[in-house]
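Here the structure is laid out as structure tokens; the discussion comes afterwards.
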Amino acid sequence: MKAPRGTRDVLPGETEKWQKIEKIARRVFSLYNYGEIRTPIFEDTSLFERSIGASTDIVEKEMYTFLDKKGRSLTLRPEGTAGVVRAYLEHKLYSRGGLEKFFYIGPFFRYERPQAGRNRQFYQVGVEAIGSDNPALDAEVIRLSLDFLNSLGLKTLQVSLNSIGCSACQPVYRNGLQEFLEKHLEELCDDCRERARRNPLRVLDCKREKCIAIVEDAPATLDFLCPSCKTHFESVRRYLDVLGTIYELSPRLVRGLDYYTRTTFEIVHSGLGAQNAVAGGGRFDRLIEEFGGKPTPAVGFAAGVDRIALIMGKGEEKSARGGNAPIVYIATAGREYLEECILLLNDLRSSGVSAEMDYDGRSLKSQFRVADKLGVRFAIILGQEGIILRDMRKGEQKEVKREEIIDGVKSCIMT
RNA sequence: GUGGGCGUAGCUCAGUUGGUUAGAGCACCAGGUUGUGGCCCUGGGGGCCGGGGGUUCGAAUCCCCUCGCUCACCCCA
């Protein structure tokens, strides 16, 4: 038996790391006033086709799509924004007046060739702020992303920033780029020839040397921005400067989802290899309207939990189970003490002291070996001579009365 | 979807030009200490040698297929 390709188990010992990531995500996102939203793992297929874009790789070849028993086409969510926007509209959350801020944590699915930091079931944390086009919000989301990653102890992060314009200027740029690409069609790789026709922006981040060289001379998105997009972008940059956030302009940073407008950004980490993006995001000012809502600007980001865990794992490989070892281990001199043992165990746990015992009827020596391996603070021995409390660290022990055990243990933990 | 590397014990890996019952270290279990851990010593349990097929008197070793892992392309978080 094996977990399906591209999926994996996170076992005790590693889950602690994941819990830490989630805990810090909740804390940081709460500081910025984002509230948690939980949307379904699967949605109607059309939701993703319409939001992500029918000609994107994600929709064309990476979705887990299936028919349910009534013949409905459903898809395991490949990203988080679509579901949040759907929920926002379905529950008419716009009626609450102003800006709505959401964060989410959960699994997503894409049918891709597994690789370091790329699984078919992967986890993301992300935020969406819906209802404002204020560039301060763009800057805030970027700031928040970095806050989150920094709080986890990640260093050597690099922010790339770009603006790809709005519904007014993006088509103009698209045409300009397309014209340029037409002239160089022969020199482009096969993929890019196809992209030039269907989704020209994607040519910009082709990794082949030939294409990179050609694209060097291609028109940049920033040169085509309309006045309002230009002002918006300048403000984003100013606010980032005010916040002391270092970034670099990446005129060729184009994201793989069609709904992005204006600000796009990506955060990469040097220790990740080819899959080096730990977080990415941007504005999606058209998406709500495309789903039938009123024109509503929005901005968000998502970070890859698997990749973060990968980076964190490089520094401090084994944290073992030190942090959550039981406090007490009860050893017995024989089976006849079993009842006393389970009762004491229960009393300890009831008063908030984590405790463990031997279920295998092992020798006292073996029980101590287990207690030592677990890393417990105290061992209690039940036997003919009464009850003995042993401090495993100090190696000291003394006889205690039954009714004094729990308080004794508790007072020792305090000191 | 394409290409490279790799699959031997729970883990990390040996395994000589194909040749006896496939090994080591760590981990695990038991004993040494007839109620007491860590160190040490002794012993022990564990392997469809990823799976299937083929070549051969004989395959962990050679060939083919397949599955998986991994790195890169691609894509993205």
Side-chain angles (χ1 to χ4, degrees), chain A residues 1-8 11 21 52 56-62 78-81 104-126 145 148-149 189-192 194-195 199 202 205-209 211 253-257 264-269 272-281 300-311 318 329 331-334 336-337 358 360 362-386 388-397:
Chain A
M1 293 295 288
K2 259 183 171 173
R5 185 165 158 83
T7 69
R8 68 188 204 97
L11 303 173
I21 295 169
I52 298 168
T56 57
D57 278 21
I58 294 177
V59 170
E60 271 186 345
K61 47 195 185 195
E62 295 177 359
E79 60 98 48
T81 304
Y104 58 81
I105 297 178
F108 296 89
F109 307 84
R110 288 181 204 170
Y111 188 89
E112 297 183 277
R113 191 83 174 257
Q115 205 178 316
R118 189 170 80 184
N119 300 314
R120 289 180 173 179
Q121 174 172 337
F122 58 101
Y123 295 79
Q124 287 191 347
V125 301
S145 314
F148 164 60
L149 296 170
C189 68
D190 293 347
D191 287 338
C192 284
E194 175 67 9
R195 290 185 187 122
N199 206 343
R202 294 234 54 82
D205 58 8
C206 181
K207 303 244 171 38
R208 289 176 210 283
E209 278 188 35
C211 300
L253 173 66
V254 176
R255 319 231 64 242
L257 297 85
T264 58
F265 73 96
E266 204 166 272
I267 301 175
V268 301
H269 186 274
L272 270 177
Q275 308 302 317
N276 64 353
V278 283
F301 99 102
V305 176
D306 312 56
R307 288 180 187 179
I308 293 170
L310 213 56
I311 297 166
K318 278 188 187 140
Y329 187 91
T332 58
E336 62 270 32
Y337 302 99
D358 166 54
D360 300 330
R362 303 209 220 198
S363 69
L364 202 58
K365 176 182 181 137
S366 291
Q367 293 180 64
F368 267 84
R369 282 185 181 156
V370 172
D372 185 56
K373 250 182 300 186
L374 284 173
V376 298
R377 178 75 196 280
F378 300 100
I380 290 171
I381 306 122
L382 302 179
Q384 263 185 325
E385 293 174 14
I388 295 165
L389 178 64
R390 180 178 177 83
D391 187 319
M392 295 295 278
R393 279 185 214 160
K394 292 181 185 161
E396 297 167 0
Q397 64 186 48

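Everything numeric in this text was worked out from a predicted model, so none of it was measured. By convention in this document, chain letters (A, B, ...) are assigned in the order of the sequence lines, proteins followed by strands, and residues within each chain are numbered from 1.
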Item to complete: Considering only atom C1', compute the distance from B/C6 to B/G38 and round it to an integer number of Å.
Response: 38 Å
### Message
At 4.0 Å (heavy atoms only), tell me whether A/Q384 reaches a base, stays on the sugar-phosphate, or touches nothing.
### Response
base
The reported gap from CD in A/E79 to CD1 in A/I52 (rounded to nearest 0.5 angstrom) is 4.5 Å
Residues passing the ring pair (Phe, Tyr, Trp, His ring centres under 6.0 Å) test with A/Y104, sequence neighbours excluded, are A/F108
Would you list the protein and nucleotides 68-70 of chain B atom pairs, both N or O, that sit under 3.5 Å from each other?
residue : atom : partner : partner atom : Å
B/G68   : O2'  : A/K2    : NZ           : 3.3
B/C69   : OP2  : A/R5    : NH1          : 2.5

Here the pair of heavy atoms bringing A/G300 nearest to A/F265 is O-CE2, 4.1 Å
Review point. Can the positive tip of A/R120 be found less than 6.0 Å from the middle of the six-membered ring of A/Y111, inside 45° of the ring normal?
Key: yes
Counting the atoms with a prime plus P, OP1 and OP2 as sugar-phosphate, which does A/E385 contact under 4.0 Å by heavy atoms, base, sugar-phosphate, or nothing?
base
Q.
Could you tell me how far B/G45 sits from B/U2 if I compare only their C1' atoms? Round to whole Å.
A. 46 Å
For A/N276, the side chain to side chain contact (heavy atoms under 4.5 Å, CB included) test, sequence neighbours excluded, returns A/V268, A/L272
The salt bridge (charged side-chain N to carboxylate O under 4.0 Å, His left out) partners of A/K365 (sequence neighbours excluded) come to none
Exercise for the section: State whether A/S363 places a side-chain N or O below 4.0 Å from either non-bridging phosphate oxygen (OP1 or OP2) of B/G31. Expected result: yes
When you measure from the side-chain N and O atoms of A/R362 to the phosphate of B/C29, is any distance below 4.0 Å, counting only OP1 and OP2?
yes
Close N/O contacts between protein and nucleotides 37-45 of chain B (under 3.5 Å):
residue : atom : partner : partner atom : Å
B/G37   : O2'  : A/D372  : OD2          : 3.3
B/G37   : N7   : A/R390  : NH2          : 3.0
B/G37   : O6   : A/R390  : NH2          : 2.7
B/G37   : N1   : A/M392  : O            : 2.5
B/G37   : N2   : A/D372  : OD1          : 3.0
B/G37   : N2   : A/M392  : O            : 3.1
B/G37   : N3   : A/D372  : OD1          : 3.2
B/G38   : O4'  : A/D372  : OD2          : 3.1

Between CD1 of A/I58 and P of B/A77 the distance, given in whole Å, is 6 Å
In whole angstroms, the gap separating C1' of B/C76 from CZ of A/R110 amounts to 5 Å
From CG of A/L11 across to C1' of B/G10 the rounded distance in Å is 12 Å
- Counting only N and O atoms by type, is there a donor-acceptor contact under 3.5 Å from the side chain of A/Y337 to the main-chain atoms of A/Q384? yes
What does A/G126 touch in the nucleic acid at a heavy-atom separation under 4.0 angstrom: a base, only the sugar-phosphate, or nothing?
nothing
Taken in chain and number order and not counting sequence neighbours, the residues that satisfy side chain to side chain contact (heavy atoms under 4.5 Å, CB included) with A/Q275 are A/Q115, A/R118, A/R307
Discussion item. Taking B/G46 as the reference, what is the distance to B/C63 when you measure between their P atoms (whole Å, please)?
Written reply: 33 Å
Contacts of A/A379 meeting side chain to side chain contact (heavy atoms under 4.5 Å, CB included) (sequence neighbours excluded), chain-then-number -> A/F368, A/R390, A/M392
Contacts of A/R8 meeting salt bridge (charged side-chain N to carboxylate O under 4.0 Å, His left out) (sequence neighbours excluded), chain-then-number -> A/E14
Read 5' to 3' with Watson-Crick or G-U pairs under 3.5 Å, [ ] for crossing pairs and | for partners on another strand, RNA chain B gives (((((((..((((.....[...)))).(((((.......))))).....(((((..]....))))))))))))....
| query | On a whole-Å scale, what distance lies between the P atoms belonging to B/G43 and B/G50? | reply | 30 Å
Original post:
So what does A/A371 hit on the nucleic acid, given a heavy-atom distance under 4.0 Å: a base, only sugar-phosphate, or nothing?
Top reply: nothing
### Message
What contact category does A/G383 fall into here, base, sugar-phosphate, or nothing, at under 4.0 angstrom with non-hydrogen atoms?
### Response
base
Taken to the nearest whole Å, CG/A/N276 to C1'/B/C75 is 12 Å
Walking RNA chain B from its 5' end, the first of A/Q397 and A/V305 to be reached, judged by nearest nucleotide, is A/Q397
Check: Mind checking the C1' distance from B/G18 to B/G58? Whole angstroms is fine.
Finding: 8 Å
A/Q367 atom CD is separated from B/A30 atom C1', nearest whole Å, by 14 Å
Whole-Å distance, A/D360 CG to B/A30 C1', equals 13 Å
Side chain to side chain donor-acceptor pair (under 3.5 Å) filter on A/Y123, not counting sequence neighbours, yields A/Q121
Would you classify A/I388 as touching base, sugar-phosphate or nothing, given that sugar-phosphate means primed atoms plus P, OP1 and OP2, and contacts are heavy atoms under 4.0 Å?
base
query: Is the aromatic ring centre of A/F122 closer than 5.5 Å to the centre of the six-membered base ring of B/A77, with the two planes inclined by less than 30°?
result: yes
Check your understanding: If we take the P atom in both B/U42 and B/C26, what is their distance in whole Å?
Key -> 11 Å
Whole-Å distance, A/E60 CD to B/C74 C1', equals 13 Å
Taking A/R362 for the side chain and A/Q367 for the main chain, is one N or O donor matched with an acceptor at less than 3.5 Å?
no
| Euclidean distance for C1', B/C48 against B/A22 (whole angstrom) | 14 Å
Legend entry - P spacing across the pair B/C76 / B/U17, given as an integer number of angstrom: 48 Å
Closest to the 5' end of RNA chain B, once A/I381 and A/V278 are matched to their nearest nucleotides, is A/I381
Residues passing the salt bridge (charged side-chain N to carboxylate O under 4.0 Å, His left out) test with A/E336, sequence neighbours excluded, are none
To the nearest angstrom, the CD-C1' distance between A/Q275 and B/C74 comes to 9 Å
Those residues at least two apart in sequence (or on a different chain) that pass salt bridge (charged side-chain N to carboxylate O under 4.0 Å, His left out) with A/E62 are none
